[in-house]
Every structure is written in structure tokens, then in C-alpha cells.
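So that the names make sense, note that chain A is the first sequence line, chain B the second, and so on, each numbered from 1.
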2 protein chains.
Amino acid sequence: MASSGTGPRRVTIDDVAEAAGVSRQTVSRALNDKGEIGASTKQRVLDTAQALGYRPSRFARGLVRQDTVSVGLVIPDLLNPFFTEVAAAALEAARDRGWHVVVYDTGDRTEEERGTLEVIASQVDAVVGYLSLPEDEIDKLTRGLPVVLIDREHRTQRFSSIRIDGESGVHAAIRHLTAAGHRHIGMLDHAERSEPSIRHRWFDAAMSACGLDSGSVAHADQSVEGGESALRELLGRHPETTAVFTFNDIIAIGALRAARRSGRQVPRDLAVIGFDGLQLGTLVDPPLTTVALDTRRLGALTVEQAARLLTGSGPLHTDELTVGAELRLRESG
Amino acid sequence: MASSGTGPRRVTIDDVAEAAGVSRQTVSRALNDKGEIGASTKQRVLDTAQALGYRPSRFARGLVRQDTVSVGLVIPDLLNPFFTEVAAAALEAARDRGWHVVVYDTGDRTEEERGTLEVIASQVDAVVGYLSLPEDEIDKLTRGLPVVLIDREHRTQRFSSIRIDGESGVHAAIRHLTAAGHRHIGMLDHAERSEPSIRHRWFDAAMSACGLDSGSVAHADQSVEGGESALRELLGRHPETTAVFTFNDIIAIGALRAARRSGRQVPRDLAVIGFDGLQLGTLVDPPLTTVALDTRRLGALTVEQAARLLTGSGPLHTDELTVGAELRLRESG
DNA sequence: TTGAAAGCGCTACCAA
DNA sequence: TTGGTAGCGCTTTCAA
């Protein structure tokens, strides 16, 4: 914790009052543009305040007029384009309510997340974001603070979470591919957990709904390089593949690169469809077709739920806390 | 401004004290893990606190132990990859000091910037970031708050700014291109102001230092599309061009796309070197060679200067507030 | 138009 | 180990 250091003692309202030869209430009036004060007095007060370098204490002020809300936004890595978009969406939603957002980037380190949660508790009115600690630990660290998790199941009563539902979007993607004549559609799933991701389950369901055998799968690290090598592996095992759906856009971008490097043209020789709808997808070549999350809605819902938890006005329920995703056709598939 | 709404009255430390049958100091001790308290008392207090849903007021707490620093980070657009990196760097530097960062995204709108500055003044201890309002207005709105500007000249005494010095990096880039045999090197400058950018001046200086005539120039909007059409224009006017240096990486990525679409291979037919050193540059194909800013240093310096302004301990001077840039060779040039 | 007094909710410093 | 008291710096209410 930094402190105000060895600098001179803080200038208070009383100092200004004394220097201006008035009472502190008069100073307060001058500063807050209340009426009931003579123009010349006001000017004199303002001048001395400036001369003394006076700045009201936000704590003292917040204490008496209890009207500012701050939420802590915890994300693993702001440089990850997905989290950037989530953060931007949350900032936008918060601004609409006049809320302040304190952002914490944990750098994907558990220890940092713990430290952040520890200090956050005394700094904000609610916590939202991506947390990876076990529930009981989060519970302990956030003691009574409203918590809104994004894209994470939970059992603890006190938490809320925003659920991502990509089912219909993925269906649309697969329908789109089959309509274009694709029969051999693979998936680049993520590699983190042992079980298949829920996005993979949506993929399987969509495949069988379209009357196709469940497609071949390769697992990718969540990086461009990961997508690159996963595609190579998949095509090695299943050269007949003409289209891939990926766990997210980053992996898809890697697939795009691998395709180009192997001399395949996208989408002519290989169609690629990602998931997330990152702006980044418009920058690559060809622009990425993707199942796009409604990130702004995600941000809005997150903040909305935090607001309800905060005021105790009936929080939204699970089915209202769901963000959809829809197929965004660009050029890669 | 949101308010605590119609919810029940806030639970205070006195409520807990009364319910637990102890004094409020005892409650305070229990909550803050101070010693000097019986284990059973402590547990009882903690339990009642939990039962009552008690949460300490951060304002009251901040008022008495004056040891938390918050800085407001103002940026025009978090989704712009450059600002994302700046923000991430600032967050990292702030975390090292235990500071809290309140992030405001003005969406590039002057009106929002004004509103932000207005409300920020009472919420943070210092303001850092990219501001576009006229100096006198910033001065008025931030009244006595330390302000650290990034990459913007200023006259106002109260402001500090972090300067970006790409001169030697740009020299290195041009030397690199000439060493590879390039003689006709163009520049895609930005289009915003009438006068040439300072990056353009570095380019010119580097060109003449390498014994080349000053290169041809086209002006680009700061977007991928802008870079795309600017490159087309430049090549239309100067088909002999074999290399381009761009105002920033975004424009360079546009140039990359335009080159590919015109059937030119990079870097064989056209070398492209950007400026900024965005991570994004590693995702495109081929990975972008660029004059990379030391963003982390930028963040660190910004926060360091804010700290010095805050404590009154001698602020850094202009020459110490400069961030360099160096050539980062990847594959595009 | 101005000022005195009473808190906002908490912790620090004593005294018990 | 506990509790009383005195603020932290500000705004609000009420009286002058």
C-alpha cells in the first residue's frame, strides 16, 4: 500500500476556511455551487482554495453523500482480445449507470487473483468478472460482496453467473456449412480440460441434427500457434476435411494461417468458422466467419445483475442471465 | 449517479456491536484480525457480522487510514489494440505499487471525455492517459489533481507528459531496409493533421541519413481499411516502391492486406514495417516487422510520474520521461 | 447570506 | 482482553 508519504499534511476544508476568513460551510457552499452565498465571498473562497492547492477528500465526501458505486472487474489477461472485449463492454454498461470500474488484471496467476480479491473487498461495492479460484475461497475473500461470474458454473447461493448459450448459433454455423455442400466438418476444440467443452457438445448436436456423423476433433492450445498445429494434425488424420469449426476465434486465426501455409485457400479449399466474434476477426485475411457472442449484452447483463444484487431488488434468474450468439458471416466460411 | 436505492438502511459496525453484545472497537478488532481479542468473542462477532450481512464502508475506512491510492486512466477506445496495450501496461505498473486503477473509456467522444473528467475529479488521486480536450479545460476540470499525459505536448505547468521517441528505432528500420537493397521506400503517414507527423519527420531524417531521397508519402486513416487504400494509392503513384514504413501497426496491417490482394508477396515484392509493436502484429501473416514501443516502460513511467506528483517528491524531468522504440524484426520486412 | 453543531462509519489511542 | 473517546474531512440541518 502506498501512503501519502512524507509530503506536507493534507490541506483540509478548514485550512481554506481559515485562510479565507470564513467558516467551512461557506467553503463547502462555494465549492459545490450551492446558492446561498455572496458572489464575492464565493470568488475569494475559490481563489484561496486554488492557492492552497486544496482538494476535497473523496472518502469524506463519499462518506456523507453515499451515492457512488464502484465495481471491481477482474480479468485474467487484458491483452487477450476476448477479455478486452468483455472489459470494454462492462465499461460501457457501467458508464451508462454512472458507475466507476476498477480494473484488475491478474495476469492469469492464481496468486494474483487471490491478492486482488483480498484487496478488492475493501475498495468496491461489487465484484464481476472471470474468477478461477474455488468457490469457497472466493466466498471467503469477498465476504458479503455481490459477485457476478461470467461463463462459469457455480453452486454458491451468493454468486450469480452469466451463462453463454451458443447452441443456436453453432447450429446455424453447421447448417450454413452443410448447405454449402460440406460433409466432412472437423472441430478444433480447446485442450485444457479432459472433458469435451460445451461448445463441442453444441457442435456434436448440430452435426447430428444436420444428419452428419460426428466430426473429427483435434485439441488446440488457446493461441494462434495452438490453432495452427491443431489444424495440421486434424488434416493429417482426416485429409477429407473441408471445413472446421473452432473453439474460439484465436484458434480459428491459427487455423487460417496453417491453411494458407499448407497452400490451401480459404474458404475454397477449407472453410473456417470461429467462435466469439472478436473484432480482431475482421483484421485477418480472409475476414473470419464466426459465431459471435453478443458481448455488449454480456457487459450490460453483468452490470445489471450487479446492480440488482446491490440494491436487493430481485436479481435476474438463470434464464434471463443468458447471452446468445449468432452466426456472423464474413469470408472464411 | 446511482444511489443505494430503497434498500434497507446500511448495516453499520454499531449494529453488529449491539447484536453481538460488545463494543464497536471489539468488532473492528475481530474484522481486522488485530490481536487483543478472545477467540470466542472474535468468532461470535464474526458470526453476527455475517448473519447481519455487514460490510465495512470503504469510505469510512479510507477516511481514517489514508493509505489507498486510485488513479483514473482515461483512454479513447479500449478496443483499439494500441490503447489496450497501454492500459495493460498501466495496470501492471499500478499493481506493483498496490494502486487501484479506475478505467474510463471515452469512446473517442469529446463530450464523454469532458463528463469523465468532471466526475473523475472526486474519485481518484491522479489522472493519467490520453486526453484530447484543450489544456485550459483539462486544467479547470481536474483542479489540482496531478495529470500525466501520454504522447501529447503541453504548456501547462501542472501537467506532465510521457514522450515517445522513435527516432533511433526508425533509423534502424530504414538502415535495415537499405541494407536489404531497398532504394524506393515510401511512407504511409496518418491523415489526421495537416502537418506531417513526427514519425514522418523521423522517417525523413533516417532516409537522408541513409543517403536516399525523401520517399513518397500517402496518407491513411488510422484503420486497416485506411492502410489498405493508402498503399494502393502509393503504389499507383510510385510503382517502383519496394518497401513501406507506416505510421502505426494498424495501418501496416492494412498495407499487408492490400499487398496480398494485389498479388504482391510480402516481403519478397514489398517489405512492410510498422510502428508500435502491437502483439497483434504477431497474429497476422506474415508477422509484422515493426518499430516497437516499450509499452511496459511507458506504463511504468506514467505511474511513476503520477506517484511523484502525488507525493511531491521531485517529479521526473522531460528527458527522463521518454520512452524509446526499437526495431523488432519479424517477417514482413 | 453566514455560521455552529451534528453526524456519516470507521480505526487509533488510551484507560480500564 | 475489552471499552470509551477522539478524531479522519466532509455535507446537512438548523439557527443566527
Side-chain angles (χ1 to χ4, degrees), chain A residues 1 3-4 7-46 48-49 52-69 121-123 125 143-144, chain B residues 1 3-4 7-46 48-49 52-70 121-125 143-144:
Chain A
M1 267 331 120
S3 84
S4 40
R9 194 182 64 71
R10 152 158 222 131
V11 179
T12 76
I13 197 173
D14 288 308
D15 299 326
V16 179
E18 188 178 357
V22 296
S23 72
R24 65 203 221 177
Q25 302 67 12
T26 302
V27 176
S28 178
R29 280 190 274 257
L31 261 54
N32 295 303
D33 264 334
K34 304 270 179 196
E36 312 186 327
I37 184 175
S40 69
T41 320
K42 179 170 175 178
Q43 194 52 54
R44 181 161 41 94
V45 170
L46 255 26
T48 48
L52 263 48
Y54 167 70
R55 293 208 2 91
S57 148
R58 66 195 146 103
F59 294 115
R61 199 172 251 179
L63 190 53
V64 43
R65 14 183 252 225
Q66 326 195 112
D67 62 352
T68 36
V69 177
S122 59
Q123 292 295 323
D125 304 303
R143 276 288 131 157
Chain B
M1 265 332 118
S3 86
S4 38
R9 194 181 64 71
R10 153 158 221 129
V11 180
T12 76
I13 196 172
D14 288 308
D15 299 326
V16 179
E18 187 178 357
V22 296
S23 72
R24 65 205 220 174
Q25 302 66 13
T26 301
V27 177
S28 177
R29 279 189 276 257
L31 261 55
N32 296 301
D33 263 333
K34 305 270 178 194
E36 312 186 328
I37 184 174
S40 69
T41 322
K42 179 168 175 177
Q43 194 51 54
R44 181 160 42 92
V45 170
L46 254 26
T48 46
L52 264 47
Y54 167 71
R55 294 210 359 92
S57 148
R58 67 197 147 100
F59 294 114
R61 200 172 250 181
L63 190 53
V64 44
R65 16 184 250 224
Q66 326 195 108
D67 62 352
T68 35
V69 178
S70 296
S122 58
Q123 292 295 325
V124 299
D125 304 303
R143 275 287 132 162

Take atom CZ of A:Arg44 and atom C1' of C:dT1, then tell me their distance rounded to the nearest Å. 12 Å
Considering residues at least two apart in sequence or located in another chain, which fulfil the side-chain contact (heavy atoms from CB on, under 4.5 Å) criterion with A:Asn32? A:Ser28, A:Lys34, A:Arg61, A:Arg65
When rounded to whole Å, the CZ to P distance for the pair B:Arg65 and D:dG9 reads 16 Å
Between B:Thr26 and D:dT2, is there a side-chain N or O to OP1/OP2 distance below 4.0 Å? no
Just how far, in rounded Å, is C1' of C:dT11 from CZ of B:Arg58? 18 Å
Rounded to whole Å, how long is the line connecting atom CD1 of B:Ile13 with atom P of C:dG7? 18 Å
Nearest to the B:Arg61 side chain among D:dG3, D:dT2, C:dT11, which nucleotide is it? C:dT11
Atom-to-atom span, CD1 of B:Ile37 to P of C:dA16 - whole angstrom: 21 Å
Partners passing side chain to side chain donor-acceptor pair (under 3.5 Å) against B:Arg29 (at least two apart in sequence or in another chain): none
How would you label the contact of B:Lys34 with the nucleic acid (heavy atoms, under 4.0 Å): base, sugar-phosphate, or nothing? sugar-phosphate
In whole Å, what is the span from the CG atom of B:Asp33 to the P atom of D:dT1? 14 Å
Which residue lies more 5' along DNA chain C, comparing B:Asp14 with A:Lys42 via nearest heavy atoms: A:Lys42
Nearest whole Å is fine: how far is D:dG9 P from A:Leu31 CG? 16 Å
Among all residues two or more places apart in sequence or in another chain, which pass the side-chain contact (heavy atoms from CB on, under 4.5 Å) test with B:Gln43? B:Leu46, B:Asp47
Just wondering, are more than 12 heavy atoms of other shown residues or ligands nearer than 6.0 Å to CD in A:Glu18? no
In chain order, what residues pass the side-chain contact (heavy atoms from CB on, under 4.5 Å) check against B:Ser57, with sequence neighbours excluded? A:Leu63, B:Arg10, B:Phe59, B:Ala60
With sequence neighbours excluded, tell me which residues meet side-chain contact (heavy atoms from CB on, under 4.5 Å) with B:Ser23. B:Gln25, B:Thr26
Enumerate the protein-to-nucleotides 4-8 of chain D contacts in which both atoms are nitrogen or oxygen and the separation is below 3.5 Å.
unit_1: D:dG4; atom_1: N7; unit_2: B:Gln25; atom_2: NE2; d: 3.2
unit_1: D:dT5; atom_1: O4; unit_2: B:Gln25; atom_2: NE2; d: 2.7
unit_1: D:dA6; atom_1: N6; unit_2: B:Arg24; atom_2: NH2; d: 3.3

If you look at every strand shown and take non-hydrogen atoms under 4.0 Å, does A:Asn32 touch a base, only sugar-phosphate, or nothing? sugar-phosphate
Quick one: on DNA chain D, does A:Ser28 or B:Ala39 contact a more 5' nucleotide (nearest heavy atom)? B:Ala39
Whether A:Arg44 side chain and A:Ala20 backbone form a donor-acceptor pair below 3.5 Å: yes
